[in-house]
Amino acid sequence: MHEWALADAVCKTAEDIAKDKNLIQVDEISVVLGQVQNIKPKVFDRIFEEVKLQYSSTKSTKLVTEIEEAELTCNNCGNIFGIDDRTGFEHQTSEDMHFIPETARLFIKCPKCKSVDFHITKGRGLYVKEIRGETK
Amino acid sequence: MKLDPRVNIIQTRLSKIKKIIAVSGFKGGVGKSSIACVLSLLLAKQGGASSLSTKKVGLMDLDLTGNCDNTILGIKTQYPEEEHGVQPVEENGIKFISSYFYSQGKATHFRGDEISNILLELFAITDWGELDYLILDMPPGLSDTALDIIRWIPQAEVLAISTPSILSRNLVAKSAKLLKEQKVEIIGFVENMSDGKARELDGLKILGSIPKDENFEQAIGDADKLLETNFAKALKQIDGF
């Protein structure tokens, strides 16, 4: 699973921060999942439970996830728009955006001016919002 | 806090790779993709100039807005498999990854920060395993991709490609100077489309030259034919990798 690699990156980051901040262990990690990448919270949670055991600081860490809705901003006309209906994409397109969210530029146009030149300003992919733990 | 965890895992993903070579042309159209592809084939199938034993080789097409390694090598696989990340496709003895797989054959019009994000994603999720060489096919210039590689993969060594043209040579010379200042290791330079008079280039080691091969175009898309070209035979003589 591609999610495995991202969960690994989250746990490695938590491990590095735990060492840097002198934490006894990481109690909780809050992860934001972007709508464009479309990682399912249940899938990520299941994989995280497996991956976290590989790092000493995250063996009992609780994962909290939230979804950030997509916000796309047109570089041509300034229009701000979203992705209303993910199920409207072909399976292959959905997969491509799942692996590389920036490929949204290849499959979506600005609904106002039809430009293919827009930025994903919110809801691109995964990031860590908060890491909590007690210091030694 | 908005922390991108992908940066922290890059070195873990590359930890079983002995040598990373960034094939850099600086000027467009000097043949860096052809050299990156054929060098990968030579190392994988024949071991290169200084060795007879085949090598484990990975190739990454980092020219995100102009990727073509899949065409040069005639890659037939439609989509990489997933298992603890993305598994590079394996064809012609090379592990290969490219954003091409996720583009459905469309033109890829990415801006700078998008290029950085795509590179970060590919490096974070690609499971190369053990490799003797990872060849990076770099885009022209010293923009986002080059700067990101310097930042995230400082162990990458640069193989500079130039043609005899003063335009190309000037750009290689000043780019190499900047890279050296940034502590980037430069293996040396190869003169492609050579007129047989490879000249010194501002303290850069000349590794060898490759004459213009009019028949190379006919071999594109077929790895076996590529290895039979005069281009490949000349590249095989070049040592230093």
Side-chain angles (χ1 to χ4, degrees), chain A residues 1-17 19-20 29-32 34 36-37 47-48 50-51 54-55 68 75 89-107 115-122 124-132, chain B residues 1-15 60-62 64-65 67 78-89 97-129 144-145 148 152:
Chain A
M1 294 291 282
H2 147 247
E3 284 85 347
W4 190 96
L6 294 173
D8 192 28
V10 168
C11 291
K12 171 75 164 55
T13 299
E15 179 94 340
D16 291 348
I17 287 179
K19 282 180 186 165
D20 187 50
I29 301 178
S30 296
V31 169
V32 175
V36 181
Q37 191 161 47
I47 292 167
F48 180 86
E50 178 190 335
V51 174
Q54 298 179 18
Y55 292 88
E68 185 174 84
N75 291 321
F89 293 117
E90 299 268 340
H91 173 72
Q92 189 61 58
T93 300
S94 203
E95 283 290 285
D96 292 339
M97 287 163 56
H98 176 60
F99 283 99
I100 301 183
E102 285 68 29
T103 59
R105 285 167 70 89
L106 314 185
F107 310 116
S115 171
V116 292
D117 184 14
F118 58 83
H119 263 77
I120 304 171
T121 35
K122 282 184 187 167
R124 178 209 171 270
L126 175 154
Y127 66 87
V128 176
K129 186 178 176 185
E130 191 175 17
I131 292 177
R132 293 169 60 185
Chain B
M1 178 193 286
K2 187 171 181 177
L3 197 60
D4 191 332
R6 298 173 298 172
V7 179
N8 299 309
I9 206 71
I10 290 176
Q11 287 300 329
T12 304
R13 296 281 175 268
L14 303 176
S15 62
M60 202 167 185
D61 191 342
L62 298 186
L64 302 183
T65 58
N67 45 38
Q78 295 294 312
Y79 223 65
E81 298 283 328
E82 283 185 75
E83 177 68 39
H84 289 180
V86 167
Q87 299 297 309
V89 306
I97 203 77
S98 166
S99 59
Y100 149 80
F101 292 116
Y102 308 102
S103 68
Q104 299 180 31
K106 291 174 179 280
T108 45
H109 54 291
F110 300 120
R111 286 178 178 268
D113 58 341
E114 288 154 354
I115 286 172
S116 293
N117 244 325
I118 295 170
L119 292 177
L120 203 44
E121 198 78 29
L122 288 175
F123 279 111
I125 66 176
T126 305
D127 179 16
W128 292 104
D144 301 85
T145 303
D148 286 338
W152 296 327

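Fair warning: this is a prediction, and the values are worked out from it, not measured in the lab. A, B, ... follow the sequence lines: proteins, then strands. Residue 1 opens every chain.
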*Asks:* Heavy atoms only, distances under 4.5 angstrom: which of R105(A), E102(A), K12(A) has the most pairs with chain B? Name it, please.
*Replies:* R105(A)
*Asks:* May I ask you to test the I97(B)-W128(B) pair for a side-chain heavy-atom distance under 4.5 Å?
*Replies:*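 Yes; the side chains approach each other to less than 4.5 Å.
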*Asks:* Using a strict cut-off of less than 4.0 Å between a Lys/Arg side-chain nitrogen and an Asp/Glu carboxylate oxygen, indicate whether E68(A) and K129(A) qualify as a salt bridge.
*Replies:* no
*Asks:* Just so I understand: if I count every heavy-atom pair under 4.5 Å between each of N75(A), D16(A), I131(A), I47(A) and chain B, which residue has the most?
*Replies:*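 Among the listed options, the one with the most contacts to chain B is N75(A).
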*Asks:* Checking heavy atoms, do the side chain of D113(B), its backbone, both or neither come under 4.5 Å from chain A?
*Replies:* side chain
*Asks:* Using non-hydrogen atoms and a 4.5 Å limit, figure out which bit of Q92(A) sits close to chain B: side chain, backbone, both or neither.
*Replies:* both
*Asks:* So, do F107(A) and S94(A) sit near enough that their side-chain heavy atoms are less than 4.5 Å apart?
*Replies:*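 No. Closest side-chain heavy atoms not under 4.5 Å.
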*Asks:* Measure distances from F101(B) to the heavy atoms of chain A and classify the residue's part below 4.5 Å as side chain, backbone, both or neither.
*Replies:* backbone
*Asks:* Side-chain contact test, heavy atoms from C-beta onward, threshold under 4.5 Å: evaluate it for R13(B) versus R6(B) and give yes or no.
*Replies:* no
*Asks:* Who among V31(A), L126(A), T103(A) has the most heavy-atom pairs with chain B under 4.5 Å?
*Replies:*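 Answer, by heavy-atom pair count under 4.5 Å with chain B: T103(A).
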*Asks:* Pick one of side chain, backbone, both or neither for E121(B), based on which atoms fall under 4.5 Å of a heavy atom in chain A.
*Replies:* side chain
*Asks:* Does a side-chain heavy-atom distance below 4.5 Å link V128(A) with I17(A)?
*Replies:*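 SC-SC contact between V128(A) and I17(A) ruled out.
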*Asks:* Sort out for me which of D8(A), V32(A), V10(A) touches chain B most, counting heavy-atom pairs under 4.5 Å.
*Replies:* D8(A)
*Asks:* Distance check, rounded to the nearest 0.5 Å: E82(B) atom CD versus Q87(B) atom CD?
*Replies:*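 Answer for the CD-CD pair, E82(B) versus Q87(B), is 9.5 Å.
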*Asks:* Please classify the contact between V116(A) and chain B as side chain, backbone, both or neither, with a heavy-atom cut-off of under 4.5 Å.
*Replies:*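 Looking at V116(A), backbone and side chain both touch chain B.
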*Asks:* Compare all side-chain heavy atoms of Q104(B) with those of E90(A) and state whether any distance is below 4.5 angstrom.
*Replies:*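 No, too far: nothing below the 4.5 Å cut-off.
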*Asks:* Chain A: which of V86(B), I115(B), N117(B), D4(B) shares the most heavy-atom pairs with it under 4.5 Å?
*Replies:*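 Most heavy-atom pairs within the cutoff with chain A belong to N117(B).
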*Asks:* Would you mind checking which part of S99(B) comes under 4.5 Å of any heavy atom in chain A, side chain (CB onward), backbone (N, CA, C, O), both or neither?
*Replies:*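 Backbone plus side chain of S99(B), per the 4.5 Å heavy-atom cut-off to chain A.
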*Asks:* Is D148(B) close to F123(B) at the side-chain level, that is, under 4.5 Å between some pair of heavy atoms?
*Replies:*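 No, every pair of side-chain atoms sits at 4.5 Å or beyond.
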